[in-house]
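The structure appears right after this line, and notes come after that.
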Amino acid sequence: MAEFVQSRVEDYVPVLLQLERVGLLTEKEARTVIKKVTALEYKLKRRSLNKEDFINYIQYEINFLELLFKRRQRIGYFFKKGEIEAVIKQKVHCLFQRATEKWRDDLQLWMSHVEICKKWNSKQQLSRIFSSLLAVHSDKPALWIMAAKWEFEDQLSSETARNIFLRALRFHPDSAKLYQEYFRMELMSVEKQKNEKEILRRANLDTAKDLYSGEILNCGLARVVYKAAVQNIKGAKFHLSLLSIAKHFKFTKDLQRKILADLQRLYAEDPHTWDFLARQELSDELPAPEAPKSKQKKAEILAQKEEQCSRVYERALASLQTESMWELYVSFCLERYKRKTNSEELKQQRQDRLLSTFQAAHDAGLLPQARYYDWISLLFTLEKGDLAVQLLEAATDRFPGSVDMWKKRLELLITLKAENLEKVFEKALALVKTQESLPLWELMVDWSEMERSEKATESLYQKLVLNPNTTKTMKVKYLQWTYRIQGYKRARKVFSR
């Protein structure tokens with residue numbers, strides 16, 4: 001063991017001597033480095049290896065490199081920089097390699113090595129790391145994407161990136177993210193080739209026509225990826241994600257039309273298809289001569305577009321009465337209502353549309369629970385408290401087991417100082433699950449402390465501290481209330497009891 005350690009340390013000596021000779025290290029510092037490296041090497045020769053020992057050794061070498069960099073900057077000496085640092089960097093790579101061979105499943109260790117290679121621009125080393133990493137962790141699509149992106153963006157190799165994606169899809173034929181990134185990469189490759197061809201054309205080089213395939217420039221490979229993707233991954237959301245990617249590239253108009261046509265053909269009854277078609281009305285731009293100039297005219301045109309969106313949603317709801325469809329329609333109306341505008345007319349139109357959509361979804365019995373809170377908040381903003389009370393009563397009838405809905409209703413009734421509040425509490429506690437009733441009991445004791453007599457409140461607390469679902473919280477609240485109202489002596493008696 002000592003021979004191996006001595007051999008590794010001796011490999012280090014020429015580097016230290018050179019650093020000492022040029023004034024980057026003193027003789028004392030060089031000896032300290034030798035001692036530290038020897039100690040770290042011995043730790044790596046133990047029978048039971050420890051991951052932390054490798055990490056500490058690697059960190060020591062990286063810190064040593066950073067120290068050398070700072071000293072070079074200070075004295076302005078850069079002679080043989082690459083030659084000296086190459087030895088230390090190779091040492092770090094060897095340590096990482098030994099560690100990842102021992103702890104192959106430790107992804108954090110692999111990623112630390114990847115980051116170091118990127119920082120030092122060690123391209124050949126990083127290429128080998130990705131090969132080893134993907135052989136061990138082939139079950140993680142994100143790693144395949146990372147490797148392909150590096151090949152495409154840093155190595156400028158579309159072919160290698162394409163091969164990585166194809167290998168990845170053999171392991172993960174159902175990965176939506178892989179198909180999305182592969183599709184994006186092919187479109188970026190087309191964009192790069194188009195830019196290169198344009199540069200060559202401007203330089204009047206005749207080779208521009210021969211170097212680039214017309215089929216590829218017409219998104220041929222991207223179409224192949226798209227076709228394979230929609231065959232393996234079903235759903236309008238995925239289809240729309242590919243369309244969204246294509247929209248980032250100006251040359252994909254034909255491809256966008258193809259994707260949209262397939263979307264309408266395959267998923268005509270999917271709510272997300274209708275949602276996209278409706279929102280598309282907003283994104284359609286007017287020709288330049290027809291573009292409005294005054295703010296009032298712009299507001300009028302925007303109001304017309306929003307009305308067209310609303311008509312598309314209503315056409316969808318005529319054949320697709322589902323909660324998800326209403327959710328998308330309400331979300332759209334809420335988004336438009338929250339957008340700022342100086343036009344009072346447009347603001348009123350958005351408000352009226354939102355209120356009518358809330359009411360229509362509620363009447364259909366398909367308004368999601370979360371949207372009732374948005375509706376109630378809107379009514380409060382408009383100072384329509386009476387309508388909010390009626391709405392919450394209807395909401396608790398529709399969702400009788402919802403603790404949040406009952407709590408919202410009770411809080412509103414407490415604020416308005418409504419009568420017969422105790423009966424509403426009793427009804428709520430009878431309908432919600434006993435295990436989930438704590439928030440309602442807490443609300444009830446808070447109300448009781450404010451509105452009822454001390455005797456009634458104490459009776460309620462005595463009942464709740466015996467309830468296994470509320471005892472832990474109520475014991476604390478009971479003691480606090482007793483101390484606040486009846487003094488510390490009474491609180492001591494309650495605590496003892």
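One is the number of the first residue; the rest follow in order along the sequence.
For Phe96 and Trp110, the ring centers are positioned 6.0 Å apart or more. His93 and His113 have their aromatic ring centers within a separation under 6.0 angstrom. If you look at Trp144 and His137, their ring centroids are not closer than 6.0 Å.
In this structure, the side chains of Val230 and Asp262 stay at 4.5 Å or more apart for every pair of heavy atoms. Contact annotation: the side chain of Leu24 never approaches that of Leu67 to less than 4.5 Å [non-hydrogen atoms, C-beta and beyond]. Leu429 places a side-chain heavy atom less than 4.5 Å from the side chain of Trp441. Between Trp120 and Leu65, the closest side-chain pair of non-hydrogen atoms falls below 4.5 Å. Asp254 places a side-chain heavy atom less than 4.5 Å from the side chain of Arg223. Counting heavy atoms from C-beta on, the side chains of Ile62 and Ile88 never come closer than 4.5 Å. Taking 4.5 Å as the limit, some side-chain heavy atom of Glu306 sits within range of a side-chain heavy atom of Leu302. Here the side chains of Tyr372 and Phe399 are in contact, with some heavy-atom distance below 4.5 Å.
Sorted by first then second residue, the salt bridge (Lys or Arg N to Asp or Glu O under 4.0 Å) pairs that include residues 131-151, not counting sequence neighbours, are Lys149-Glu181.
Relative to the ring axis of Phe251, Lys194 places its NZ or CZ within 45° and under 6.0 Å from the centre. Because its NZ or CZ atom is both nearer than 6.0 Å to the ring centre of Phe152 and within 45° of the ring axis, Lys192 counts as a cation-pi partner of that residue.
Checked against salt bridge (Lys or Arg N to Asp or Glu O under 4.0 Å), Glu196 has no partners two or more places apart in sequence or in another chain. For Glu327, the side-chain contact (heavy atoms from CB on, under 4.5 Å) test picks out Ser331, Pro368, Arg371, with sequence neighbours left out. For Ile55, the side-chain contact (heavy atoms from CB on, under 4.5 Å) partners at least two apart in sequence or on another chain are Lys51, Leu109. Considering only residues two or more places apart in sequence or on other chains, Glu29 meets the side-chain contact (heavy atoms from CB on, under 4.5 Å) condition with Leu25, Thr26, Arg71. The side-chain contact (heavy atoms from CB on, under 4.5 Å) test applied to Gln124 returns Arg128, not counting sequence neighbours. With sequence neighbours excluded, the residues that form a salt bridge (Lys or Arg N to Asp or Glu O under 4.0 Å) with Glu159 are Arg162. Scored by the side chain to side chain donor-acceptor pair (under 3.5 Å) test, Thr482 finds no partners at all (sequence neighbours excluded). Remark: Glu449 pairs with Arg484 by the salt bridge (Lys or Arg N to Asp or Glu O under 4.0 Å) rule, at least two apart or across chains. In this structure, the salt bridge (Lys or Arg N to Asp or Glu O under 4.0 Å) partners of Glu323, at least two apart in sequence or on a different chain, are Arg398. The ring pair (Phe, Tyr, Trp, His ring centres under 6.0 Å) search around Trp150 returns Phe130, not counting sequence neighbours. Residues that satisfy the side chain to side chain donor-acceptor pair (under 3.5 Å) test with Glu41, not counting sequence neighbours, are Tyr57, Lys91.
With 3.5 Å as the limit, one finds a donor-acceptor pair spanning the side chains of Ser402 and Gln369. Under the 3.5 Å distance criterion, with hydrogens and angles disregarded, no donor-acceptor pair is assigned to the side chains of Tyr179 and His172.
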Met474/Val445 under side chain to side chain contact (heavy atoms under 4.5 Å, CB included): CA gap, chis, key distance, verdict: CA-CA 9 Å; Met474 290 304 165; Val445 295; 4.1 Å; yes
Glu198 vs Asn195, side chain to side chain contact (heavy atoms under 4.5 Å, CB included): CA-CA, chis, key distance, verdict: CA-CA 5 Å; Glu198 180 62 22; Asn195 291 338; 5.7 Å; no
Derivation of the salt bridge (charged side-chain N to carboxylate O under 4.0 Å, His left out) call for Asp446 and Lys477: CA-CA 9 Å; Asp446 289 341; Lys477 288 181 73 70; 3.2 Å; yes
Verdict with reasoning, Arg279 to Glu335, per side chain to side chain contact (heavy atoms under 4.5 Å, CB included): CA-CA 11 Å; Arg279 290 172 183 271; Glu335 283 173 25; 2.9 Å; yes
Test salt bridge (charged side-chain N to carboxylate O under 4.0 Å, His left out) applied to Glu436 and Lys407, step by step: CA-CA 12 Å; Glu436 300 173 0; Lys407 188 178 178 185; over 6 Å; no
Step-by-step side chain to side chain contact (heavy atoms under 4.5 Å, CB included) determination, Lys102 to Phe54: CA-CA 11 Å; Lys102 176 67 178 174; Phe54 279 92; 5.7 Å; no
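Checked options Asn50, Thr38, Leu49, Asp53; the residue passing with Lys43 is Asp53 (criterion: side chain to side chain contact (heavy atoms under 4.5 Å, CB included)). Tested against Tyr329 for a ring pair (Phe, Tyr, Trp, His ring centres under 6.0 Å), the candidates Tyr313, Phe358, Trp274 yield a single pass: Tyr313.
Salt-bridge annotation for Lys408 and Asp404: absent, with no side-chain N of the basic residue lying under 4.0 Å from a carboxylate O of the acidic one. One finds a salt bridge joining Lys119 and Glu66 here, because a Lys/Arg side-chain nitrogen approaches an Asp/Glu carboxylate oxygen to under 4.0 Å.
With hydrogens and angles disregarded, no donor-acceptor distance shorter than 3.5 Å links the side chain of Thr471 to the backbone of Pro468.
Ring pair Tyr461/Trp481 is tilted by interplanar angle, where 30° to 60° counts as tilted.
The heavy-atom pair separating Tyr267 from Lys234 by the smallest distance is OH-CA, 3.5 Å.
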